[in-house]
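Everything on this sheet refers to the single structure shown next.
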There are 2 protein chains.
Amino acid sequence: MNIGEIARRAGVSRSTVSYALSGKRPVTEETRRRIQAVIDELDYRPNAAARALKEGRTRTLGLVIPPASLRLTDMQLGFVASVVEAAAHADLDVLLSPSGGDHDRSFERVVSGRRVDGVILMEIRLEDARVARLQQAGLPFVTIGHTANPHGTCWVDVDYATLIARCVHHLADLGHRDIALINRSAELVAAGYGPAHRALEGFAEAVAQRGLTSTALTCGDDAPAGETCIERLREDHPEITAAVTVNEAALPGIQRGLERAGVSVPRDFSIAGVAARHWAEDFRPQLTAADVPTLEMGTSAVDLLLERIAAPDAPVRHLLLTPPISLRASTGPVPIR
Amino acid sequence: MNIGEIARRAGVSRSTVSYALSGKRPVTEETRRRIQAVIDELDYRPNAAARALKEGRTRTLGLVIPPASLRLTDMQLGFVASVVEAAAHADLDVLLSPSGGDHDRSFERVVSGRRVDGVILMEIRLEDARVARLQQAGLPFVTIGHTANPHGTCWVDVDYATLIARCVHHLADLGHRDIALINRSAELVAAGYGPAHRALEGFAEAVAQRGLTSTALTCGDDAPAGETCIERLREDHPEITAAVTVNEAALPGIQRGLERAGVSVPRDFSIAGVAARHWAEDFRPQLTAADVPTLEMGTSAVDLLLERIAAPDAPVRHLLLTPPISLRASTGPVPIR
DNA sequence: TTGTATGCGTTATCAT
DNA sequence: ATGATAACGCATACAA
């Protein structure tokens, strides 16, 4: 079914049908109704490809996700969900591109086939080839997370450094003097994954400020790794009385490891961190943590992207969020020796 | 950048460029190289919209997911990941459509705007308006899960009835005579969600066959609901010594509830079910369960869909998977009273 | 082996 | 207020 057929049946020209639909020029109520009747009857919808070709825009956003074979974390999933939601709200569709390596077919299709009006990139590395590629292609984009040199790009991120620092200060205030950081996986750190590096920065700075002794560990992004990590921590650093973490996926394992070691939280050991609310609330006892506002971040990313598409030459904007730390039940005064 | 510009710079006609790219007719090696040089230099890629308009296909698949605001379950996420992966492997892009209600804008855009060559539908209800809509629109589609009347549609599903029945038989073999089913949420049951209904069927049939006494409970799809459910179960039915479940998201809560009640698994209580491997292995002790093969299902769904797109009039095909039950550590002989 | 011409379905410009 | 027509970028039937 195409617009010509509608026009024929309604006894008008194609342009009249087009204008009746868009309202961009006045159409007699009478003919408008006749056209609408035909459209309803035949269930006509403009062909998206033809419209995209003519208008030069696709009404579609690209969302670049980590390679699908890797299990997405809850946080990543939260971004996907909120981006899709926000896009749907603006009557935009979302094209998914699983892209990991630097020269990815799907990514290239999206970028250079002009299949989308703009792109949202997540899981940004400090040095990220995809960012460079998008800049070169001149395609509007917004990143969730930011690169080492963030001034030229449009992004939204959580201030991991500040949040982890706040957690450290909170624990120091409670009297803890020996604190561990349970970071993301060694692979992510090696790959220059921003949140892992910034968490470490914030940790180091706060620890130095307060004159604490500390140790920083990497930990795989899953429950078994969390359990192992706690075992190692208890063994190698028995003096440690508190930990901060940005590794939400390890939390169930951390909990299990502490339970198995007979460590009571927060009586014997305190823990705080940054995690999606879901993970924090499922922790036992519930985790004192800054809740990553995935919904707000995804929504903001779409908003920023739409602005950028509308005005590609406007100065870039950033959004660095510092959500409050929700005081729950996993932190308490340092145990008396 | 368009094909005409490439042709101009290479000193050939547009069709020659097109044929050089598609290989659908011979092109002298010399001119082919000259064209390729220009293409490489300008980083040209055919415009997807123009190609879609001309060819009548978009090289894009639609994936209809539950409304993004609801948190996707691990299993749903597994489907999304494997579908995206399989599609990427076939050089196809995936357009996401979050669709819950019956008249959804995003869904309608995808279906009637011809934005995709075919659709994969998940979270199927026994009666599903979206299935009817797709049939009416004549758009090829495959469902993950199947409706009450599955003969006219192409689908891939797990045989929940058989799997749950097998779990019941396994427990009966171990001497259990009083068994509970922990089903999905009451809302899903009320909405006619297939897996919930088929689990109940299989449960009822096996229980009847073995002459067991039983009770069937619904339980919200999250940890707290699982905990509550176990409390209720222990209180109302203290005689129950085993449970089967299809509610993976409730597993952490079920585990916590059993621990809090001082119930040792499998010494005092056995539990088995159907769950993504991840959930089964994170359960303590590890859960005896049929592992839902999300990867295989997503891949198969894409395969079926591609077949269907290639031959829309071929007879429909189904895939009803019955993965083996992995014997882990959560089931044991009935406790002696 | 290569070039020319046409049409895919829309929207926008120009003319009426 | 409406109609005719061009143009978007590509693929292909047809011509040379």
Side-chain angles (χ1 to χ4, degrees), chain A residues 1-36 38-39 42-60 91 93 109-117 137 139, chain B residues 1-36 38-39 42-60 91 93 109-117 137 139:
Chain A
M1 197 45 44
N2 62 42
I3 199 172
E5 180 66 14
I6 303 294
R8 206 182 54 71
R9 299 209 192 195
V12 296
S13 75
R14 292 179 318 192
S15 46
T16 302
V17 176
S18 179
Y19 284 117
L21 241 28
S22 70
K24 290 189 182 174
R25 96 180 177 188
V27 173
T28 318
E29 181 56 22
E30 157 61 15
T31 56
R32 205 199 56 72
R33 259 212 297 275
R34 207 169 59 244
I35 290 169
Q36 191 57 51
V38 178
I39 286 178
L42 300 192
D43 191 32
Y44 162 79
R45 236 64 135 224
N47 179 302
R51 176 182 283 190
L53 180 57
K54 178 60 186 167
E55 293 193 326
R57 63 183 196 137
T58 59
R59 298 163 190 269
T60 303
D91 277 336
D93 292 312
R109 269 200 308 274
V110 166
V111 172
S112 44
R114 268 154 300 179
R115 289 179 79 10
V116 300
D117 298 333
L139 194 59
Chain B
M1 197 45 46
N2 62 40
I3 199 171
E5 181 65 14
I6 303 293
R8 205 181 55 71
R9 300 210 191 193
V12 296
S13 76
R14 294 186 322 211
S15 54
T16 302
V17 175
S18 179
Y19 285 118
L21 241 27
S22 71
K24 290 190 181 175
R25 98 181 174 186
V27 173
T28 319
E29 181 55 23
E30 158 60 17
T31 57
R32 205 200 57 71
R33 260 214 297 275
R34 207 169 58 244
I35 291 170
Q36 191 57 51
V38 177
I39 287 178
L42 301 192
D43 192 31
Y44 163 78
R45 237 68 136 219
N47 178 301
R51 174 183 284 188
L53 180 57
K54 176 64 186 167
E55 292 192 329
R57 63 181 193 137
T58 59
R59 299 163 190 270
T60 304
D91 278 336
D93 291 313
R109 268 201 308 274
V110 166
V111 172
S112 45
R114 268 154 302 178
R115 290 182 71 18
V116 299
D117 298 333
L139 195 59

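Lettering follows sequence order; numbering is per chain, from 1. Basis for what follows: all heavy atoms, side chains included, without hydrogens, waters or symmetry-related copies. Source: prediction; values computed, not measured.
Between B/Thr31 and C/dT2, a side-chain N or O to OP1/OP2 separation shorter than 4.0 Å is present. Close to C/dT11, at under 4.0 Å from its OP1 or OP2, lies a side-chain N or O of A/Arg51. Considering only side-chain N and O atoms, A/Tyr19 lies nowhere under 4.0 angstrom from the phosphate OP1 or OP2 of C/dT10. At least one side-chain nitrogen or oxygen of A/Lys24 sits closer than 4.0 Å to the OP1 or OP2 atom of C/dA12.
Extent of DNA chain D lying under 4.0 Å from chain A heavy atoms, first and last nucleotide in 5' to 3' order, is D/dA1 to D/dG9.
Between B/Leu53 and B/Arg32, the residue whose closest nucleotide on DNA chain C is further toward the 5' end is B/Arg32.
Separation of atoms CD1 (B/Ile6) and CG (B/Leu42) is listed at 4.5 Å; rounding is to 0.5 Å. Atom CG of B/Asn47 sits about 14.5 Å away from atom NZ of B/Lys54, to the nearest 0.5 Å. Considering CZ of B/Arg32 and CD1 of B/Ile39, their distance stands at 9.0 Å, rounded to 0.5 Å. The line from CG of A/Asn2 to CZ of A/Arg14 is 8.5 Å long, rounded to the nearest 0.5 Å.
Among the protein residues, A/Ser15 comes within range of the nucleic acid bases, having at least one heavy atom under 4.0 Å from a base atom.
Remark: the backbone N or O of A/Ala10 is paired with a side-chain donor or acceptor of A/Arg34 at under 3.5 angstrom.
Taking only distance into account, the side chain of B/Arg25 meets the base of C/dT2 through a donor-acceptor pair shorter than 3.5 Å.
Taking atom CZ on A/Arg14 and atom P on C/dT13, their separation rounds to 16 Å, with Å as the unit.
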